Every structure is written in C-alpha cells, then in structure tokens.
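Below is one structure; the comments refer to it alone.
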Amino acid sequence: MPRHKLIASESDVSVEVEDEGKDNEFSIYYVEVEENFEGGKEKQATRDGKRRRVRNSEVGRRASEKRTNEAGNKRAEKKHDKRHKTARKEGEKHGRKQRRKNADADEAEEESGKEKKNIKNERTKTLKLEDEKEKDVKKKRKKHVKNEEDNAKPEKTKHKDCHDMPLKEKKKKRKKPETISESESKSEPESQSDSDSESKDNPAVGVLGSLTPEELEKLKEAVDERKKLIATLRGKPWPMRKKLVVLRESQEFVEKYEGALGKGKGRKLYAYKVMMMKKWMKFQRDFENFKTACIPWEMKIKEIESHFGSSVASYFIFLRWMYGINMILFGLTFGLVMVPEALMGKPYGSLPRKTVPRGEEASAMNFAVLWDFGGYAKYSVLFYGYYNSQRAIGWLKFRMPLSYFLVGVGTVAYSYMVVIRTMARNANEEGGGDDTSFNFSWKTFTSWDYLIGNPETADNKFASITTSFKETIVEEQESRKDDNIHLTRFLRVLANFLVLCCLAGSGYLIYFVVRRSQKFALEGLEKYGWWERNEVNMVMSLLGMFCPMLFDVISTLENYHPRIALQWQLGRIFALFLGNLYTFIIALMDAIQLKRAEEEIVKKNMTIWQANLYNGTMPDNSTAPPFTAHPADVPRGPCWETMVGQEFVRLIISDTMTTYITLLIGDFFRAVLVRFLNNCWCWDLEFGFPSYSEFDVSGNVLGLIFNQGMIWMGAFYAPCLPALNLLRLHVSMYLQCWAVMCCNVPQERVFKASGSNNFYMAMLLVILFLSTLPAIYTIVTIPPSFDCGPFSGKNRMFDVIQETLETDFPAWFGKVFSYASNPGLVLPFLLLLVLAIYYLQSTSKTYKRVNMELKKKLQTQNEENKKKNKLAALKAANELEQQRSNSASDLGVNEESSSLDEAGHHRQAGHNGRFIHPSQHTQNSGPPVTSTHTTTRTPASRGHTSSGHLPGHPHQPQKNSHSKRR
Amino acid sequence: MGNKQTIFTDEQLDAYQDCTFFTRKEILRLHGRYHELAPHLVPMDYTNDPDVKIPLALIVNMPELKENPFRNRIVESFSEDGLGNLSFNDFVDMFSVLSEMAPRELKAIYAFKIYDFNVDNYICKEDLEQTLNRLTKEELTPEEVVLVCEKAIEEADLDGDSKLSFADFENMISRAPDFLSTFHIRI
C-alpha cells in the first residue's frame with residue numbers, strides 16, 4: 001500500500017497552499033510545520049513545483065465543497081479512532097528506533113496542527129506523553145468537527161496528526177523510507193483485509209507528498225481500485241448503510257486524488273479525460289433511467305406474475321420483447337421506405353403502378369375488397385408494387401430502390417443479431433444445466449416462486465410442491481417400475497404414427513386448398529363467396545387451432561413424464577406449424593410461376609397495345625411519342641411481388657382474428673358459462689368437466705414465434721407488415737392480460753418447458769432462418785416484375801447495389817469493390833471465416849473439457865475429504881472414548897460416559913468436518929492430524945462459535961443466534 | 001409522490017443507484033411503497049436521512065411477501081438488527097438483492113441466510129425441516145420429511161459434516177436451473 005507515501009504527499013500539497021500565499025486557516029498551521037522541516041521540504045518543493053498549482057486549486061475546491069452532515073460527523077469520529085490507532089502503532093514501532101531523533105520534531109509538528117500556542121514548549125516529551133497528548137488532541141478535534149464550520153481543516157489536521165511520523169521519517173531519513181513504509185503496511189493487515197476500515201483509512205491516508213513516479217503509480221492504483229469498488233459496490237453483500245458509507249468515502253478519495261494523477265504535459269489531457277468520463281457516466285446513468293422509464297407494461301406483468309407465477313409471466317415478457325423488436329423493424333421500414341415514398345415519390349395516379357386499374361375502380365373502395373387488401377390498399381405504399389424504380393426521389397435525392405433493398409436486408413440482419421445476442425446472454429445466465437445430482441436440494445431450495453403474491457396461486461403452488469416431493473420420494477424408493485414395457489412402447493409408436501398422419505394430412509389439406517384457391521383466382525373471385533376467398537387462411541388457422549388439441553389427446557397414450565410430454569407436444573406443434581408454413585410457401589411458389597407466365601403474355605400484349613395506341617392517336621408523326629392514355633387504362637402485369645405480400649398480410653390478419661376469437665370463445669365465454677350456469681346445472685361446472693381454462697404458455701409462445709416468422713418472410717414484399725404486427729402485438733398484450741386475469745385459473749402443475757427462455761429463443765432462431773430462406777431465394781433467383789416495384793426493369797433485385805456502386809461512387813471505389821468481390825478474394829475469406837469458426841469451436845470444446853475435468857477433480861477430492869473426515873472422526877472418537885473411559889474409571893462413572901459417547905459419535909463427525917474447509921484441504925496435506933486435535937476439543941464449543949461467517953453482517957448472526965436460543 | 005416534493009436529493013439518488021440495481025424511478029417507487037406501509041411513521045422527506053424503522057409485522061403484509069412461506073426469514077435476513085425491523089436502507093437492499101438484475105452469487109448469499117433459520121451459518125437438518133414444512137404446509141409425513149432432508153444433505157454436503165455450509169449451498173444453488181427465475185421479486 002502506498003499509504004505511507006501518500007501521507008507525505010499531502011503535507012506537500014498543504015505546504016504548497018501556504019506557498020501560494022493563501023491565507024486561510026491551515027496556511028498558518030503549515031507555516032509552523034514548515035518551520036520544523038525546512039530542509040526536507042525544500043527539496044520537495046522544488047521537485048513538485050510544477051504540480052503545485054493544480055493540486056492547490058484542488059485543495060481549495062475541496063475545502064469549499066465539503067459539506068458536513070451528521071453522517072460525516074460520525075465518520076470523522078471513526079476516522080479519528082482508526083487514525084489514532086495506526087498512528088500509535090507507528091509511533092511504537094519506529095519510536096523505538098528513532099525516538100531520540102524524531103520525538104521532538106514529531107510532537108512539535110503535531111502540536112502545531114492542533115494548538116498553535118504551545119508548539120515549541122513540549123519538544124522534550126517522550127512517546128508515552130505523546131500518546132496521552134494525542135488523546136487530548138482527539139477530543140479537541142471532535143469538538144472541531146462538531147463545530148461543522150470547516151470540515152477541510154479538521155481533516156487536514158487529522159492527516160497531519162496521524163501520519164506525521166512517516167512523514168518525518170521520510171523527510172529526515174531519506175535513506176530507508178522504503179523499508180519502513182513496507183514494514184508498516186505489513187503491520188496493518190487486519191485493517192486492510194477489512195475493506196470497510198480500509199476505505200475509511202484511505203481517503204485521509206492518501207495524503208500527498210513527494211510524488212515520485214512510482215508513488216504516482218501506486219496512487220493511481222489506489223484510485224483505480226476505488227473506482228472498481230464503486231462499480232462493483234452493488235454486488236457486495238453488505239448492508240446498505242455500510243455500502244453508502246463506503247461509497248461516499250471512495251468517491252471522496254477518487255475525487256481528491258484523481259486530479260493529482262496526471263503529470264507533465266499529460267496532466268491536462270488526463271484531467272480532461274477524467275472529466276469526460278464523469279460526464280459520460282452521468283449520461284449513461286440518465287440514459288439507463290430513461291430506458292427503464294420507457295419499458296411499458298411493467299405493472300401489468302407484475303400483477304400477472306404475482307397471480308400466476310413466473311412461467312405465465314415469462315410469456316408476457318417474451319411478448320414485450322417481441323414488441324420491442326417489431327418496433328425497431330417498423331421504425332426501419334416506416335422511416336426509410338414508406339414515409340419517403342409517400343412524401344417525395346410521385347403521387348397516386350401518376351403512374352400505372354400507382355393507380356387502380358379501370359376494371360377494378362368500381363369496387364376499389366368496397367370494404368370487403370379493402371379488408372382483403374385489394375383495391376386502393378393494394379395500390380398504396382403498403383405493398384411492393386406501388387414503389388417506383390426512379391433512382392433518386394425528391395429534393396433529398398433519396399435513393400429509393402437502394403433504401404428499399406437495404407432495409408429488407410437490414411431487417412433480417414438486425415433480427416439475427418438481436419436473437420443471437422439474447423441467446424448468448426441467456427446462456428451466460430443459465431445455471432449448470434440438468435445435473436440430476438441435486439434433485440432433492442433443488443426441489444427444497446428453488447421450488448418456491450418468490451413472485452407469487454396471490455393466495456390461490458400460492459395454494460396451488462403448495463399443492464404442486466407437495467405432490468412433486470411425494471413423486472420424487474416414490475421414484476427414489478422404487479427406482480424403476482417397469483410395468484408392461486411392451487404396451488407403453490407400442491402405445492408410443494402408435495401415438496407417433498397418429499401424429500405423423502395428422503401432420504401429413506394437414507400438409508395435404510393446405511396444399512389442396514391453395515391449389516384450389518389458385519383455380520378460383522384464375523376464374524375470377526367475384527363468382528365466389530367469402531369462404532372461397534379466405535379458404536387458405538381459414539384452413540391454416542383452423543388446423544393450427546385444432547391439431548394441437550388432437551396432439552394433446554394423442555399424447556395421453558404415451559404415458560410420459562409431464563415435462564417430457566410437454567417437450568414432445570412442443571416439438572409436434574412446431575413441426576405442424578412449420579409444415580403448414582412450408583406447404584403454403586411451396587404453393588405460393590407455384591403461384592409465382594403462374595403469374596410470371598402471365599406476365600410474359602402481358603409484356604407481349606403491351607408492345608402490341610403500345611403500337612396500337614401509337615398508331616391510333618398520331619398516325620403521321622413518328623418522332624414524339626405523346627402517350628396520353630390514362631394510367632388506369634394501361635395494361636399491366638400481375639406483379640407477383642404484391643401478390644405474395646398480400647397473401648402474407650391476409651394470413652397475418654386471419655391468424656390474428658382466430659387468435660382473438662379463440663381467446664374470446666375458449667376463455668371468456670367458457671368462463672362466463674361456467675360461472676353463471678353453475679347454479680342451475682346438474683354437476684359442478686367449476687371443478688367438473690369444463691371448468692376454467694388455464695393459460696397455455698407454450699402454445700402461445702409458439703404462436704407468437706410463428707407469427708414473427710411470417711413477418712420476417714413477408715416484410716420484404718409488404719412493408720406494412722411490421723406495422724400490422726405491432727398493432728397486433730399491442731392489442732394482444734392488453735387483450736391477453738385482461739383475459740388471463742379475468743378468466744384463467746393458475747396452473748395446477750407447472751412444468752416449464754426449459755430452464756430458461758433459451759429454448760424459445762432457439763426456436764425463434766430456427767424460424768428466423770427458415771423464414772429468411774424462401775425470402776432470400778425469391779430475391780436472388782426470380783427476376784422482378786417489369787412494371788411494378790422499386791426494382792422494375794432490372795434483371796435481378798440485388799442489381800441495385802451494382803447500379804449504386806457504378807453511378808454514385810467514384811470509379812476507383814467500384815474497381816476496388818469489383819476486385820474485392822472477385823472469387824479469388826471471396827473464397828479465401830470464406831475459408832478464413834470457416835477456419836476461425838473451427839478454431840473458436842475447438843477452443844471452446846477444450847475449455848469445456850477442462851471444466852469437466854476440474855469438476856470431476858473437485859468431486860473426487862470432496863469424496864476423499866469425506867472419507868478422510870470420517871476416518872479422522874472415528875479416530876478422534878476412539879481417542880475420546882479412551883480418554884473418557886480413563887477418566888471415568890478414575891472417577892467411577894463408567895456407564896454414563898459410554899452412553900454419551902455413543903450419542904456424541906455422530907455429532908463429532910460433523911464438528912470435525914467443519915474445521916476442514918475444502919479450500920484449506922488443497923493446501924494442507926495433512927489435515928487429519930489437525931482435525932483430530934480440533935475434534936478432541938470441540939464438544940464444549942458446539943454451535944456457532946467457530947462457524948465461518950458469511951461475507952456480510954460479520955457479527956450479527958451470532959448475536960441473533962444467542963437471542964434466538966434463549 | 002412525484003417530483004414536486006423532494007424526497008431525495010440528487011446525491012442520495014445517485015448513491016442509491018450506485019449501491020443497488022435500481023434506477024431512479026424504481027427507488028422513488030420503493031420509497032412510495034415504504035411510505036405506504038406506515039404513512040404515519042415514514043416521512044416523505046428523506047433528504048436528511050431520518051432514522052425510521054418499520055417493524056416486521058407491517059412489512060410481511062406487503063402483497064409481494066404476503067404469500068411467501070419464508071417471508072419472516074426474508075425480512076429478518078435483511079434487517080440490520082436481525083429482528084425484522086427494516087430501515088429504508090434495508091428495505092431497498094432487500095429488493096435490490098431480489099431484483100432481476102442481481103447476480104447469482106449475491107442472491108445465493110442471501111438465500112443461504114434466509115434458509116438458515118437458526119442463524120448458525122449452517123443449514124442443518126432443523127433448517128431443512130422448517131423449510132420443507134413451510135413449502136408443503138406440513139402435508140408431508142414426518143418420515144417423508146426426514147427422508148427428504150437426509151437426501152438433500154447427502155446430495156449437497158461436500159465436506160461430510162451432515163449439514164450445509166455456505167460453500168456447499170453455493171455449489172448446489174449455482175447449478176440450479178430455476179434459482180434465478182424464482183428467487184426474484186418484482187417491485
């Protein structure tokens with residue numbers, strides 16, 4: 001510790017204060033000090049000449065800043081004590097060696113600090129006297145502090161007073177200050193180990209002196225240490241009062257010495273850096289505050305948590321998280337695509353792609369059409385087809401096609417980033433995993449959900465904990481009951497077969513329906529009713545609704561443990577949704593091919609039409625094409641992109657509707673029926689068949705995930721999708737919160753699908769990947785429509801990048817890019833990436849292995865310890881028995897002692913173990929010897945005396961135990 | 001409450017933010033809750049650090065703690081005097097440790113304190129029995145309780161003293177998958 005030196009340095013500063021001619025109280029005081037140590041001071045003064053001004057101002061500022069309050073008072077008193085002690089220690093230590101030389105000067109200095117009047121009178125006193133005096137001084141100082149006039153002064157005097165010794169040593173005996181200071185710092189290990197006292201010491205201790213580079217280094221270290229302490233304070237298991245005190249002192253310390261740290265030319269820069277850092281921290285905190293203030297629905301979620309426990313709440317937290325992501329996606333598409341096009345692009349009606357065709361005009365405003373996102377909705381910014389391929393729009397020269405493309409890519413990239421980052425963070429927080437070795441203790445210590453605040457839920461929880469304990473006990477007792485394993489196997493196979501049938505059936509149904517709808521579409525939808533138009537979506541939603549129920553019924557055949565059954569169930573629903581989605585996409589691909597064929601025909605017709613128009617209107621003039629046909633009359637291609645976007649939007653809408661309707665019927669009306677029909681029904685509805693519904697966490701989460709997958713898939717072709725989704729999530733947040741609070745009952749048995757949300761996150765990632773796949777496929781392989789969308793006229797959509805590079809960037813950039821993108825460079829780069837991945841993976845594997853080995857080692861060591869302890873205990877018990885029997889035979893009380901021994905046997909084993917902490921074991925090679933010693937002594941001190949304290953509240957528990965036991 | 005009336009000075013709020021896992025708003029909300037518990041005892045103005053303590057009986061009735069079978073132990077573990085009287089500092093401390101942001105190690109330390117009913121710095125059989133009885137509302141038979149206690153100690157006890165020291169407890173709890181999500185109270 002640099003304590004010693006820091007002390008010296010403070011006197012320096014104060015001396016400098018005086019030097020500068022500031023006439024405040026302590027300048028007078030330091031004059032006297034100076035008188036005593038002129039010789040030593042001079043050197044320092046010259047050496048530190050440069051630094052003076054800064055520190056000087058520091059001191060002055062500090063003095064003005066310091067405001068005393070009660071706490072400060074107390075602290076000051078404590079400091080006095082500490083300081084006093086250390087000073088005395090020092091005094092005793094060094095005094096013996098250098099009493100002759102130092103004593104007078106010491107005292108004089110001290111006196112000068114306290115009572116200016118009798119400075120020079122008492123020079124001849126010895127150390128004992130000095131001690132006494134210090135007490136006096138202390139009392140006076142207390143008064144000083146209570147005066148609260150000027151805190152800086154008493155503090156200064158304090159420093160002076162307790163550290164004058166080392167200071168003087170330093171000055172007078174320049175030859176061996178190093179060793180002394182070292183020995184001194186070693187002499188106070190207790191105070192250092194106790195971080196509390198340390199922190200109390202340091203601010204005052206750190207009192208400056210001649211700042212050699214190494215001292216500076218040490219000071220810097222101390223400051224850094226303090227900063228670290230401040231940063232980690234919230235994780236310390238101390239009571240708040242202590243934390244506050246430590247915090248205040250550390251802050252004072254840092255503030256005090258940070259300014260002294262820079263040196264020479266770097267000082268200003270350093271000070272600037274420190275200042276900026278402070279500002280930055282402040283800003284960060286404010287931002288953090290702002291962020292938490294912005295988190296919505298905190299209270300709603302809390303209420304749900306307290307009613308339904310953490311698992312139901314986890315769905316709502318997930319929903320909120322999704323909402324956040326969609327907010328960002330929406331911001332991207334809305335701000336960079338929709339708004340610019342709406343504001344700066346050509347207005348509605350200026351181009352064929354921006355106009356409702358003549359044939360549809362009559363019905364374009366009908367609600368049914370709009371509800372289907374046809375008519376005016378179709379020819380608006382909501383869909384791909386509306387956007388113009390003009391390179392730059394408006395006075396901003398906004399690159400619309402480029403922006404459209406980049407936003408599409410950015411959406412996906414951002415989603416990947418967020419999901420993966422969240423997964424990584426969750427993985428960090430996860431515990432050890434599914435170690436089954438702590439079955440009972442985990443059940444005991446972690447099964448209560450501290451979030452529960454509702455009596456009904458609490459009752460359910462009590463019941464479920466009890467049953468789970470009973471189950472585990474039964475399992476433990478008869479470890480495996482294999483009753484008719486063949487039957488269960490057969491049933492499981494059967495169940496899986498049935499599920500597969502279901503999946504295949506649903507897939508075929510969707511394919512069939514989509515094909516049929518294409519037929520309808522070709523023939524014109526006007527002839528058909530509502531059902532035919534919405535068949536695909538309705539079938540998909542209905543399948544999504546009823547198949548899980550079917551799976552649930554089937555899974556009862558299997559007779560799995562509920563947790564495993566839940567996982568199967570989730571996997572099956574996942575497969576169902578995925579299958580449905582992909583059949584849908586395949587059918588959509590077919591539709592795209594059809595549309596493209598249609599487009600070819602239209603293209604041909606178009607040229608004919610143009611030629612006709614041309615010839616018809618201006619037969620003679622062939623130079624200027626007037627082209628005056630109204631945009632609504634211009635024939636146009638089918639624009640497959642808009643069709644895809646429309647399909648997705650419809651899908652989302654119908655999905656949302658079914659979710660809400662199921663919610664209303666399945667939960668609300670059921671609850672209403674059960675509640676009000678119960679009075680006039682022949683059996684108890686509330687506890688009988690229908691009863692109230694439980695909240696289906698996993699199903700809801702899966703629904704959310706798939707919904708998000710559809711958004712990712714369709715967002716490129718329908719920029720309005722994120723907005724729609726945002727709306728949907730917002731509504732469902734309120735609706736579901738209401739539904740869950742008003743018509744669901746807490747789950748009777750809660751089995752979480754997984755220890756953490758990472759299971760859901762992994763599913764989300766899979767869905768993200770699977771949904772970007774078709775989107776990217778269509779972007780890369782299918783040429784865009786010739787007459788609609790931002791990429792019309794291009795061969796491929798990503799050509800827009802090439803175009804931008806060629807026209808908007810300087811030539812050399814394009815050249816560099818073309819070099820960089822040539823396969824000779826790209827391939828090695830990919831190879832490098834693969835290598836890096838491989839390397840990282842193998843290192844992580846090695847770490848994992850090392851971890852496992854360490855774990856194993858620890859376990860074997862623990863087992864060894866157990867054995868050793870048992871042996872030692874046995875030995876000790878034998879010894880004790882012998883002793884006892886000896887003494888007992890002496891005294892003649894044989895019977896009692898032997899019976900006592902029997903009883904005490906077990907207990908001693910326990911005591912013995914307590915003294916051998918595992919960590920000690922690794923160091924001590926021969927613990928049995930020591931342990932036997934302790935065991936022979938322990939019986940008297942049973943209980944709490946030798947127990948290891950917890951990190952916080954070091955002494956309190958003992959007190960408690962005393963009070964409790966009495 | 002609100003910002004019109006100063007409850008804390010900015011320095012106090014900053015200090016609390018340094019010492020806890022809460023933000024400004026949450027600290028103010030905590031103060032509101034604390035004040036709610038005993039409006040006549042707790043002043044609205046905390047700028048001069050009044051020495052106010054709320055007894056256990058009042059705190060235990062908070063809706064957040066009311067149903068918790070370990071509510072008394074929680075409050076006792078966080079009170080400075082060990083009897084369950086919480087000053088505002090202790091109160092903040094308690095919810096800071098139980099907040100979502102608190103690290104596993106810190107939670108483990110306090111969980112140990114909570115489950116250590118007789119405050120001897122070990123979780124011994126009596127403690128386990130108490131824990132179990134509170135968890136199950138004493139619906140397990142005594143034999144079952146004994147069995148579970150023995151099993152739990154057998155699993156987690158590393159040094160073979162047939163009770164759990166903090167090291168044992170931490171080792172066990174650090175691998176528990178549900179610990180972080182359940183040892184958590186939202187305020």
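Letters go in sequence order (proteins before strands), and every chain restarts at 1. Just so it is clear, the values below take in all heavy atoms, side chains as well, and ignore hydrogens, waters and symmetry mates. All of these numbers come straight from a predicted model, not from anything done at the bench.
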### Query
Does any N or O in the side chain of B/Q130 come within less than 3.5 Å of the main-chain N or O of B/D127, such that one atom is a donor and the other an acceptor?
no
### Task
Check each atom of B/Q12 against the heavy atoms of chain A and say whether the ones under 4.5 Å are side chain, backbone, both or neither.
neither
### Task
Select one option (side chain, backbone, both, neither) describing which atoms of A/T444 are under 4.5 Å from chain B's heavy atoms.
both
### Task
Examine distances only and state if a side-chain atom of B/N72 and a backbone atom of B/V60 form a donor-acceptor pair shorter than 3.5 Å.
no
### Heavy-atom pair count under 4.5 Å with chain B, highest-scoring of A/E288, A/R285, A/E305, A/K470
A/R285
### Message
Centroid separation under 6.0 Å, is that true for the rings of B/F70 and B/Y115?
### Response
yes
### Query
Given a strict heavy-atom distance threshold of 4.5 Å, which part of B/L164 is in contact with chain A: side chain, backbone, both, or neither?
side chain
#### Entry: Heavy-atom proximity to chain B below 4.5 Å, by part of A/K291
neither
### Contact leader toward chain B among A/L233, A/I452, A/I465, A/L244, where contacts are heavy-atom pairs under 4.5 Å
A/L244
### Query
Does any heavy atom of chain A fall under 4.5 Å from the side chain of B/L65, the backbone, both, or neither of them?
neither
### Query
Using non-hydrogen atoms only, which part of B/D14 is less than 4.5 Å away from chain A: side chain, backbone, both, or neither?
both
### Task
Return yes if some donor-acceptor pair links the side-chain N/O of A/R226 with the main-chain N/O of A/Q251 below 3.5 Å, else return no.
no
### Residue part contacting chain B, namely of A/F469, when any heavy atom lies under 4.5 Å
side chain
### Query
With a 4.5 angstrom heavy-atom cut-off, which part of B/I185 approaches chain A: side chain, backbone, both or neither?
both
### Query
Between B/R134 and chain A, which part of the residue has a heavy atom less than 4.5 Å away: side chain, backbone, both or neither?
backbone
### chain A contact via B/F88 - side chain, backbone, both or neither, heavy atoms under 4.5 Å
neither
### Contact winner vs chain B - A/I301, A/T446, A/D286, heavy-atom pairs under 4.5 Å
A/T446
### Task
Using non-hydrogen atoms and a 4.5 Å limit, figure out which bit of B/F169 sits close to chain A: side chain, backbone, both or neither.
side chain
### Query
Which pair of non-hydrogen atoms, one from B/F166 and one from B/A108, has the smallest distance, and what is that distance?
CE1-O, 3.8 Å
### Query
So what's closer than 4.5 Å to chain B heavy atoms on A/L247: side chain, backbone, both or neither?
side chain
### Query
A/I473 versus B/K151: any side-chain heavy-atom pair under 4.5 Å?
no
### Task
Would you mind checking which part of A/N454 comes under 4.5 Å of any heavy atom in chain B, side chain (CB onward), backbone (N, CA, C, O), both or neither?
backbone
### Message
Between B/L140 and A/T466, is there a side-chain heavy-atom distance shorter than 4.5 Å?
### Response
yes
### Message
Please confirm whether the ring centroid of B/Y46 lies under 6.0 Å from the ring centroid of B/Y16.
### Response
no
### Query
Can the positive tip of B/K107 be found less than 6.0 Å from the middle of the six-membered ring of B/F183, inside 45° of the ring normal?
no
### Worked check of salt bridge (Lys or Arg N to Asp or Glu O under 4.0 Å) between B/D116 and B/K163
CA-CA 11 Å; B/D116 181 14; B/K163 52 186 171 183; over 6 Å; no
#### Entry: Any B/D93 side-chain heavy atom under 4.5 Å of A/K243 side chain
yes
#### Entry: Option that, when pairs with chain A are counted at under 4.5 Å, heavy atom only, ranks first among B/P69, B/A15, B/S87, B/A152
B/P69
#### Entry: chain A contacts, top residue of B/T131, B/I114, B/L132, B/V148 (heavy-atom pairs, under 4.5 Å)
B/V148
